[in-house]
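Contents: one structure, followed by commentary.
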Amino acid sequence: MFGLFKTYRELGILGMNSRNVDYILKYNPRSKYPLVDDKLLTKDIAEKAGIPTPPIYEVVSFPSQTIGFADRMAAYNEFVVKPAQGSGGGGILVIGGRTATGFKRASGKIMPFNDMQYHLTNTLSGLYSLGGQPDQAIVQYRVHPDVFFSSMTSGGVPDVRVIVFQGVPVMAMLRLPTRESDGKANLHAGGIGTGISIATGMTTHGVYRNAPIGEHPDTNAGITGRTIPAWDQILNMSAQFCDITGLGYIGVDIIIDRDKGPMMLEVNARPGIAIQVANQKGLKGRLELVEQHIHELKTLDDKIAFAREHFA
């Protein structure tokens, strides 16, 4: 056991305790959490900084608004419903069409209109929110993934998660939905993670249910050795959020729409550590290197150049 512990240390693996104490508690002031815990606030500050986000069709804030929801959404053939203060993908519904009796989910299953009203009511009650607090439901544009992803997903929207530390992008991964994940890109829901080289934007190693994988299980398409589109823009967008939120250690999720290009999906003040598995690299050493050199990095360009040089 001690030998295994030494191996983890030598690999620079960041554990949960170190993440919480050395980075989240140290660099993320609790007063700033609402800026990223509430997706509506995050969208607002992103747009003020000139960072694009998916358009919102409606915000459901009161139980009375759940009545007639299906009628109001008649103008939109597809959309996404998500809790404003949700986490880990809980409560997110991806709607890809409708029938006479219900909404068609990304998996192809039909969700009766009454079930949608029930889901919205649960969302407002705080079923999916952090700490079970009363919440709102956001109804927004359903992203159409860039054609780059067409062979690497069987539904849903892939996204890019970037861990940013004091404005320096230190690690990234591509998250791919599967049939099992029902259109969600979250790894714990059955999505796939592939590491990304910060320097080049090329995918490196894949992981699915904690096991290595080189092909998408639904499409058999290769998922490694592929360069993410608009990589420069993704790095730039992600790096800005430390300054505009006042949080020093964050995870930024970016989606790439086939028409609108990269857009910020959400920001997480408590990003998970599974990204290390997807990259087959530890975060600890990268974070310590940034701490050693952050005083030399004066501008956003400096920070991105440093990341490209050291985190290939």
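The chain is numbered in sequence order, starting from 1.
The minimum heavy-atom distance between Ala269 and Asn28, with the atom names listed, is O-ND2, 3.0 Å. Smallest separation of non-hydrogen atoms from Ala172 and Val162: CB-CG2, 4.2 Å. For Pro29 against Gly246, the heavy-atom pair with the smallest separation is CD-O, 3.6 Å. Taking every heavy atom of both residues into account, Gly167 and Ala239 meet most closely at O-CB, 3.4 Å. Nearest approach of Ile223 to Gly206, heavy atoms of both residues: CD1-CA, 4.3 Å. Listed here is the closest heavy atom pair of Lys298 and His295: NZ-O, 2.8 Å.
Put simply, the side chain of His144 never gets that close to the backbone of Asp257: no donor and acceptor are under 3.5 Å apart. A donor-acceptor contact shorter than 3.5 Å links the side chain of Thr203 to the backbone of Gly225. Checked by atom type and distance alone, the side chain of Thr66 never pairs as donor or acceptor with a backbone atom of Gln117 at under 3.5 Å. Side-chain atoms of Asp218 come within 3.5 Å of backbone N or O of Arg179 as a donor-acceptor pair. The backbone N or O of His119 lies less than 3.5 Å from a partner atom in the side chain of Thr123, making a donor-acceptor pair. A donor-acceptor pair under 3.5 Å is formed between the side chain of Gln276 and the backbone N or O of Ile273. Looking only at distances, a side-chain donor or acceptor of Gln65 sits under 3.5 Å from a matching main-chain atom of Phe62. Under the 3.5 Å distance criterion, the side-chain polar atoms of Lys26 are left unmatched by any main-chain donor or acceptor of Gly248. Under a 3.5 Å cut-off, the side chain of Asn279 and the backbone N or O of Ile275 do form a donor-acceptor pair. Using a distance-only test at 3.5 Å, with no hydrogens or angles considered, no donor-acceptor pair links the side chain of Ser150 to the main chain of Asp146.
The cluster map of Ile, Leu, Val, Met, Phe, Trp and Tyr, joined by side-chain heavy atoms under 4.5 Å apart, puts Ile13 and Val170 in different clusters. The hydrophobic clustering, which links ILVMFWY residues whose side-chain heavy atoms are closer than 4.5 Å, places Tyr76 and Ile138 apart. Residues Leu265 and Val94 are members of separate hydrophobic clusters, defined by side-chain heavy-atom contacts under 4.5 angstrom among Ile, Leu, Val, Met, Phe, Trp and Tyr. With hydrophobic clusters built from ILVMFWY side chains whose heavy atoms lie under 4.5 angstrom apart, Ile163 shares a cluster with Leu297. The cluster map of Ile, Leu, Val, Met, Phe, Trp and Tyr, joined by side-chain heavy atoms under 4.5 Å apart, puts Leu120 and Ile92 in different clusters.
From Ile192, atom CD1 reaches atom CD1 of Ile213 across 4.5 Å, with rounding to the nearest 0.5 Å. The CD1 atom of Ile304 sits 8.0 Å away from the CD atom of Gln240 when rounded to the nearest 0.5 Å. A distance of 9.5 Å separates CG in Asp115 from CZ in Arg105, rounded to the nearest 0.5 Å. Here the CD1 atom belonging to Ile254 is positioned 9.5 Å from the CH2 atom belonging to Trp231, to the nearest 0.5 angstrom. With rounding to the nearest 0.5 angstrom, the CE atom of Met263 is 8.5 Å from the CE atom of Met237. Note that the CE atom of Met173 and the NE2 atom of His205 stand 14.0 Å from one another [nearest 0.5 Å].
The shortest side-chain heavy-atom distance between Val36 and Glu266 does not fall under the 4.5 Å cut-off. A heavy-atom distance below 4.5 Å is not found between the side chains of Val59 and Val139. Looking at heavy atoms from C-beta onward, His310 lies out of side-chain contact with His293 at the 4.5 angstrom threshold. Side chains of Arg270 and Ile24 form a contact here, defined as non-hydrogen atoms less than 4.5 Å apart. Annotation: side chain of Asp253 is not in contact with side chain of Ile255 (no heavy-atom distance under 4.5 Å). Within the 4.5 Å cutoff, the side chain of Phe113 has heavy atoms near those of the Arg98 side chain. Contact check for Val80 versus Ile95: no side-chain heavy atoms found under the 4.5 Å cut-off. By the 4.5 Å heavy-atom criterion applied to side chains, Ile228 and Leu174 are counted as neighbours.
In this model, a donor atom of one side chain and an acceptor atom of the other lie less than 3.5 Å apart for Ser18 and Lys284. Side-chain atoms of Thr204 and Gln280 form no donor-acceptor pair, as typed in the model, at a separation below 3.5 Å. Side-chain contact annotation: Glu215 with Tyr208, donor-acceptor N/O pair under 3.5 Å absent. In this structure, a donor-acceptor pair under 3.5 Å is absent between the side chains of Asn122 and Ser125.
Under 4.0 Å is where a charged nitrogen must lie from a carboxylate oxygen, and between Glu78 and Lys104 no such pair does. Look at Asp159 and Arg175 and you find a salt bridge, because one of the NZ, NE, NH1 or NH2 atoms lies within 4.0 Å of a carboxylate O, short of that distance. Salt bridge Lys32/Asp37: absent, no basic N to carboxylate O contact under 4.0 Å.
The only option from Glu58, Met116, Met73 that meets the side-chain contact (heavy atoms from CB on, under 4.5 Å) definition with Val81 turns out to be Met116.
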message: Under the criterion side-chain contact (heavy atoms from CB on, under 4.5 Å), I'd like the reasoning laid out for Lys82 against Tyr128: C-alpha separation, chi angles, the key distance, then a yes or no.
response: CA-CA 9 Å; Lys82 61 172 59 176; Tyr128 308 108; over 6 Å; no
message: Run Thr42 and Leu35 through side-chain contact (heavy atoms from CB on, under 4.5 Å) and show every step you take.
response: CA-CA 5 Å; Thr42 311; Leu35 295 177; 5.7 Å; no
task: Decide side-chain contact (heavy atoms from CB on, under 4.5 Å) for Phe241 and Leu247; before the verdict, give the C-alpha distance in whole Å, the side-chain angles of both, and the deciding distance to 0.1 Å.
output: CA-CA 8 Å; Phe241 276 97; Leu247 295 163; over 6 Å; no
task: Apply side-chain contact (heavy atoms from CB on, under 4.5 Å) to the pair Gln166 and Tyr27, showing each step before the final yes or no.
output: CA-CA 8 Å; Gln166 299 194 74; Tyr27 291 99; 3.7 Å; yes
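A 6.0 Å sphere centred on CG of Asn210 holds no more than 12 heavy atoms belonging to other residues, nucleotides or ligands. With a 6.0 Å radius and a threshold of 12 heavy atoms from other residues, nucleotides or ligands, Lys281 has its NZ atom at or below the threshold. The environment of CG in Asn17 is sparse: at most 12 heavy-atom neighbours from other residues, nucleotides or ligands sit within 6.0 Å.
Ring geometry, Phe79 versus Phe103: the interplanar angle exceeds 60°, so the pair is classed perpendicular (tilted spans 30 to 60°).
A cation-pi arrangement is present between Lys260 and Tyr141, with the terminal nitrogen or guanidinium carbon under 6.0 Å from the aromatic centre and inside a 45° cone about the axis. Cation-pi geometry between Arg286 and Phe165 is not met: the NZ or CZ atom fails to fall both under 6.0 Å from the ring centre and inside 45° of the normal. A cation-pi contact, defined as under 6.0 Å to the ring centre and within 45° of the axis, is absent between Arg19 and Tyr23.
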